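Below you'll find the structure, written out as structure tokens, and then a few comments.
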Amino acid sequence: MIRLEPRPTASTAMIYIAPAAAILLSMAAGMGLFWALGEDPVRGIGMVFIEPLTDWFYISEISVKGTPLLLIAIGLSFGFRAGIWNIGAEGQFTVGALAGGATALALYDMEGLWVLPLMALASIAAGMAWAAIPAFLRTRLNTNEILVTLMLTYVATHILSILVHGPLKDPTGFNFPESRLFHDAATVPVLFEGARAHVGLLAAFLVVAVAWLTLRYHVFGFQMKVTGQAPRAARFAGFVQPRAVWACLLISGGLAGFAGMLEAAGPVGQLVPAIPVGYGFTAIIVAFLGRLQPLGILFASFVMALTYIGGEAAQIDMNLPNAITGVFQGMFLFLLLGIDVLTRYRVRRIPRRPAPSAALRGA
Amino acid sequence: MTPPRFEAANLTKRFPGVLANDAVSLHVEAGEIHALLGENGAGKSTMVKMIYGLMRPDGGEMRLDGQPYSPAKPAEARAMGVGMVFQHFSLFDALTVAENIALGISGMRPTRALSQKIIDVSNSYGLALDPDRHVQSLSAGERQRVEIVRCLLQNPRMLIMDEPTSVLTPQEAETLFETLRRLAADGCSILYISHKLDEIRALCSRATVLRHGRLVGAADPRQTSARELAEMMIGGAWNAAGAKAMTPGRARLEVQNLSLASEDPFGVALKEIGFTVHAGEILGIAGIAGNGQTELLDALSGERRTAPGCIRLNGAAIGDLGPTRRRRLGLCAVPEERLGHGAAPELSLGHNVLLSARTRQGLERRGFLSLTRARAFADDVAKRFDVRSSGVHAEARTLSGGNLQKFIVGREIAQNPDVLCVLQPTWGVDAAAAAAIHTAILTLAADGAAVLVISQDLGELLAISSRFSVIADGRVSEPRAVGDVTVEEIGLLMGGQAGPSEAIAV
């Protein structure tokens, strides 16, 4: 028989070692996977994890994938810390992209530095509004926010699809379900000529810095920490739970909406039905891999973006299916959670003991 | 010569960084009521957990009636004739007495025969109990009887009682002692764990004293004074706090017509509570656990709101204000649960002061926290109230119960509140820490604050309060001067008003 026993003291160092160990173990397991597929394991792992780092083009692409992950994961981390589970960042991302994109299309061909900030505000407001629905339902009717946020994701996807098939369709687009390409003033500027890395990355770094300061020095960050680990102590401290639910959902919704706008007006450049590609879900893994700490999330979003780019490279060079990226991302989370369990519990083998004799039982 | 009923030799248990039990030896004779004494953290619980099979010792051996005894789990301990009644009961409120008892014994079903057995055992030991009643409707004393009967049905050779009187009225405690004496006379050994020295002196024929995980010695409690026993426990002389003569000043806390439903489905609603606490005065509220104490403290601290006029602080209506604004106006509170309510377990002491001292101590400015000032304040509290920890960076959960309680009470007192409301200030705290907390509360009152102490410990209330009332079934009795009431009267108030608890014909 095998039993898990709580360890009397959990090691603090393991909190930081565990994510690194999860990544290393995923790489080892990935090598096994490449070997089983008949590929050279060393070359395979090198292609996914090392090669993208040796080329500026790839590094720029990593930042393109990492920016939305970083923004969304930072937003989610506040709520996750306090036990408020926004699983539907993907939906908030989608409505953000839609609101930002619709603003761009409404202002088509208008010049001015105010166009992009207006699109950003529209996307943040839309993301917040989408997240306000679960917030309202949870605080008023005690509805489970996990289900509501998740289901609203599909609603958002369909709304996007309806609009790009209808009102937002490009009039000169041969009836393809796509909007016009945004004009220059409504496109997020790139950081370097010829690369897709855009100024959204700088905005994301700013958000990391603000989140770090908030968590460490602001009463809101303190409230999230206390609410998560001791709800009664939070109430004793005078923190109001419904207000925390609203704040967490609005923050994560707003940041996810903003990330959606950056995606639509950045690398994509128009509204298409395929704007939501799963960043909102992957960001959940990023948040946990980064230990819900802003700096950890910065690192984790980079690693996760690396698997997207490395996975693409493996698809092209080794003819592997797209699933390779998902396999690595899944292994990260699985192994991280597994290591976490073993950090807090130890496995003990319990030998089957003979039952006490009947004579003693009657004594 | 017959071997003793139970014998432990050089029992050792090590936790990371702590030797919880260091080669402790103990023997209990058949039919003996044996006390296990010690401060909190002395290693009593560890020792008992090893005897009951909840933990395995790292060294040493145990014998039961001369036979080697090493239970791997409580079911084995019970099968070999060792039963235990815990301080916190493990009963299901929604099930009947018989169903609860059947659940706790492997292979037992709640049949007629079992009910008859329960009645038989209850009768022979004076434990009035109706097998068909739901546990929800039982008083704490009756619940304890369920636990005891459950043990007795398994024919124990030794019964372990962990702080059994902490939830009982004096009358109920007296009934329990009678039962225990009868059990002992029938040859069952009893290992009795308690802090209350008077009880041990009345009940036990021998006492084993532990301190810091080591055996300090054994004594005959009937021949030893309470003072000597206390000194064995804490390893030095100590001074109990004494009530001082106080001249009450203006009314600081006024509660009027306070009624509040409980959030807990099995909780107690507050019913038309009214009292006043004056400057310089300590009002004690006694009562058995679960009669509305938690609800009353939540209403006073601001965790639950009421109509504005129900609670007045220095004349101002504060019933509809939350905890933060009440603190700013001068009302601080200490809840019962240390970990998870009064303190967040995984935050450092330096962060834990931020829970309640943000506004009064200026640890927060426009939403931004001053961690330096918070650490300084925590350090100040720790020094002033002799909190032993590895420093202000220590997480709250790493402190012993007594030290954490000193820290939490100290954190509120150091804010110089006009009104302090405390629930169970010395629950599960060792004698030295309790004395320190009492002194701090008395000093605060002497400096002009109004203090409300809600406690189950009558001795504590009689020692420190100037006036005194009783909470029973959500109602608070008219406060009376402490000198005017006898312990018997208080006991009657505590039990007598405790709701319709119909007598059972046995």
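Here is the naming used below: chain letters follow the sequence lines, and residue numbers restart at 1 for every chain. Computed from a predicted structure; not experimentally measured.
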* Asked: Is the shortest distance from a Lys or Arg side-chain nitrogen in B/Arg304 or B/Glu295 to a carboxylate oxygen in the other one below 4.0 Å?
  ->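 Between B/Glu295 and B/Arg304 there is no salt bridge, as every charged N stays at least 4.0 Å from the carboxylate O atoms.
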
* Inspect the contact between A/Arg235 and B/Glu263 and indicate whether a charged nitrogen and a carboxylate oxygen are less than 4.0 angstrom apart. =>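 Yes, charged N to carboxylate O under 4.0 Å.
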
* To do: State, with a plain yes or no, whether a side-chain heavy atom of B/Met158 is found less than 4.5 Å away from one of B/Asp65.
  =>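 No. Closest side-chain heavy atoms not under 4.5 Å.
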
* Side chains of A/Phe78 and A/Leu255: does their closest heavy-atom pair fall under 4.5 Å? ->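 No, side chains not in contact.
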
Contacting moiety of [X], where chain A heavy atoms sit under 4.5 Å:
{"X": "B/Asp298", "answer": "side chain"}
{"X": "B/Leu371", "answer": "side chain"}
{"X": "B/Arg358", "answer": "side chain"}

* Just say parallel, tilted or perpendicular for the rings of A/Phe222 and A/Phe239, cut-offs at 30° and 60°. =>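 Correct class here is perpendicular.
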
* Who wins among A/Ala230, A/Ala234, A/Ala233, A/Gly238 for the most heavy-atom pairs under 4.5 Å with chain B? ->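 Option with the top pair count is A/Ala233.
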
* Can you establish whether the number of heavy atoms outside A/Lys225 located under 6.0 Å from its atom NZ is more than 12? =>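 For A/Lys225, atom NZ is crowded (more than 12 foreign heavy atoms under 6.0 Å).
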
Just distance, no hydrogens or angles: give the donor-acceptor pairs under 3.5 Å from side chains in residues 206-215 of chain A, sequence neighbours left out.
unit_1: A/Thr214; atom_1: OG1; unit_2: A/Val210; atom_2: O; d: 2.7

* Among residues 361-368 of chain B, which ones touch chain A with a heavy-atom distance under 4.5 Å? ->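 Listed by number, the contacting residues are B/Glu364, B/Arg366, B/Gly367, B/Phe368.
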
* Asked: Yes or no on side-chain contact (heavy atoms from CB on, under 4.5 Å) for A/Phe220 and A/Gln223, after CA distance, side-chain angles and deciding distance?
  -> CA-CA 5 Å; A/Phe220 178 71; A/Gln223 173 179 4; 4.2 Å; yes

